[in-house]
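Quick caveat, the model's predicted, so the values are computed rather than measured.
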Amino acid sequence: MQTIKITNEKIRVVISTLGAEIQSVELLESGVNVIWNDVNQQYWQRHAPILFPIIGRLNDNSYKYRGRKYELNQHGFLRDQEFQVIASDYNFVKLQSVSSLKTLAKYPFDYRFEVLYQLVDNRLEICYQIENVDDNTMYYSLGLHPGFNIKGTLDHYQLIFEPRIKEIRRLRVNPAPFINGTSSLETLENGVFPLSYSLLNQGLVIVDTENLESVSLSNLSSVNQIEILLADFPYLAIWSPENQNAPFVCVEPFRGLPDLYGQPRNLQDKLGIQSILSGQIDKIKTSLTFS
């Protein structure tokens, strides 16, 4: 494992080759690191893991594919895979991970996974490229799980959706971290979704963001915010450790969903599952803009 630094005149980003995970994002003008780092190992020891080939937890930590049962732990295995740097310069790095005998035992598809991090002005652009090099159609989910530092309490923060919608569909999580197949419409005022610890004390919140452009994490007492592009991600999860009043919150673009609570099911029947034909490539983009 090693770390790579990319920088421009406004931002410095540190990325680990383990999981191609962002370790820190420092805003150079203020010297502030916006990404969570649990130096005291009190809450959550990750920073911004990539979730692949599943999101969340599976029933019995397993799924079925072509009559065989496979075991796979929460959020998949990519976050613990060592990546290779295949291209880099002062302001970008591209990393790659490929399937192996070890991954095939958990996930029966040959793939090539690349992630490009590139700094442009006050924005970190991220592009995931997933290539199906298997003979069969490949099924997957993809998520980004960044933790953002907060000042004070979570009650002082809100999410702002663009466009400024009047309501949003919330997928019900019960029992956490599974969904139960029901949903409800939440009323928003000018696209604003208020945050609080009480909102998240029963587990993560998942909302349907299809047709939305972006979401911004905003402090009520500051003009600073972090905008995340959502165009390629039909769902968004919000999480902070339950009943701990932790000094960070995760705002997570999801291209897929946790399991519907019950019994292990066929991978291709999983809610929110994505697919890539043999020999094809999915390119999924997002960005973090700091203002």
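Annotation for Asp110 and Ser99: closest pair OD1-OG, 2.9 Å, computed over non-hydrogen atoms.
Note that CG of Asn8 and CG of Asn122 are 8.5 Å apart. Values are rounded to the nearest 0.5 Å. Of the inter-residue distances, the one linking Leu195 atom CG with His156 atom NE2 reads 12.0 Å to the nearest 0.5 angstrom. Here the CD1 atom belonging to Ile15 is positioned 6.5 Å from the CD1 atom belonging to Ile4, to the nearest 0.5 angstrom.
Between Tyr63 and Tyr139, the gap from one ring centroid to the other reaches at least 6.0 Å.
Within a 6.0 Å radius of CD in Gln202, other residues, nucleotides and ligands contribute 12 heavy atoms or fewer.
Put simply, the side chain of Asn149 gets close to the backbone of Asn33: a donor and an acceptor are under 3.5 Å apart. A distance-only check finds a donor-acceptor pair linking the side chain of Asp259 to the backbone of Asn59 [under 3.5 Å]. Judged purely by atom type and a 3.5 angstrom limit, Arg112 has no side-chain atom pairing as donor or acceptor with the backbone of Val133. Looking only at distances, a side-chain donor or acceptor of Arg265 sits under 3.5 Å from a matching main-chain atom of Leu260. The backbone N or O of Ser218 lies less than 3.5 Å from no partner atom in the side chain of Ser216, so there is not a single donor-acceptor pair. Although no hydrogens or angles enter the test, the distance criterion places no donor-acceptor pair under 3.5 Å between the side chain of Arg164 and the main chain of Gly191. Side-chain atoms of Asn73 never come within 3.5 Å of backbone atoms of Phe77 as a donor-acceptor pair (strictly under, hydrogens ignored). Between the Thr209 side chain and the Pro234 main chain, a donor and an acceptor come within less than 3.5 Å of each other. Side-chain N or O atoms of Asp89 include none that pairs as donor or acceptor with a backbone N or O of Phe92 at under 3.5 Å. Within the 3.5 Å criterion, the main-chain N or O of Ala48 finds a donor-acceptor partner in the side chain of Glu21.
Screening residues 263-288 for ring pair (Phe, Tyr, Trp, His ring centres under 6.0 Å) gives no qualifying pairs among residues at least two apart or on separate chains. Pairs passing the ring pair (Phe, Tyr, Trp, His ring centres under 6.0 Å) check and including a residue from residues 221-257, sequence neighbours excluded, read Trp36-Phe248, Trp44-Trp239, Trp44-Phe248, His145-Trp239.
Arg66 has its side chain within reach of Asn136: a pair of non-hydrogen atoms, C-beta onward, lies under 4.5 Å apart. Counting heavy atoms from C-beta outward, Val115 and Phe83 have side chains that approach closer than 4.5 Å. The closest side-chain heavy-atom distance from Asp269 to Lys64 is not below 4.5 Å. Between Leu78 and Ser97, some side-chain heavy-atom pair lies under the 4.5 Å cut-off. The side-chain heavy atoms of Leu220 and Gln158, taken from C-beta on, include a pair separated by under 4.5 Å. The shortest distance between side-chain heavy atoms of Val32 and Phe290 does not fall below 4.5 Å. Residues Gln274 and Ile276 fail the side-chain proximity criterion, which asks for heavy atoms closer than 4.5 Å. In this structure, the side chains of Asn219 and Asn224 stay at 4.5 Å or more apart for every pair of heavy atoms.
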Hey, mind stepping through Phe148 and Tyr157 against ring-ring contact (aromatic ring centres under 6.0 Å, His included) and telling me if it holds? CA-CA 11 Å; Phe148 298 109; Tyr157 285 80; over 10 Å; no
Does the side-chain hydrogen bond (donor to acceptor under 3.5 Å, both in side chains) test come out yes or no for Ser62 and Glu71, once each step is laid out? CA-CA 4 Å; Ser62 63; Glu71 294 187 355; over 6 Å; no
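Annotation: salt bridge (Lys or Arg N to Asp or Glu O under 4.0 Å) contacts of Glu227 (sequence neighbours excluded): none. Here Gln74 pairs with Arg57 under the side-chain hydrogen bond (donor to acceptor under 3.5 Å, both in side chains) rule; sequence neighbours left out. Tyr197 pairs by the ring pair (Phe, Tyr, Trp, His ring centres under 6.0 Å) definition with nothing, not counting sequence neighbours.
Side-chain contact of Gln45 with Asp38: a donor-acceptor pair under 3.5 Å is present, judged by distance alone. A donor-acceptor pair shorter than 3.5 Å can be found between the side chains of Thr182 and Asn180.
Partner Thr7 forms a side chain to side chain contact (heavy atoms under 4.5 Å, CB included) with one of Val14, Asn91, Leu28 and no other, that one being Leu28.
No path of Ile, Leu, Val, Met, Phe, Trp and Tyr side chains, each step under 4.5 Å between heavy atoms, connects Tyr117 with Val120, placing them in separate hydrophobic clusters. Following chains of ILVMFWY side-chain contacts shorter than 4.5 Å, one can reach Leu267 starting from Tyr70, so the two form part of one hydrophobic cluster. Residues Leu51 and Tyr128 fall into different hydrophobic clusters, defined by Ile, Leu, Val, Met, Phe, Trp and Tyr side chains chained together at heavy-atom separations under 4.5 Å.
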Per-pair distances, 0.1 Å, donor-acceptor, side chain in residues 277-286, under 3.5 Å, sequence neighbours excluded:
| unit_1 | atom_1 | unit_2 | atom_2 | d |
| --- | --- | --- | --- | --- |
| Ser278 | OG | Asp134 | O | 2.6 |
| Asp282 | OD2 | Tyr140 | OH | 2.6 |
| Thr286 | OG1 | Leu229 | O | 2.8 |

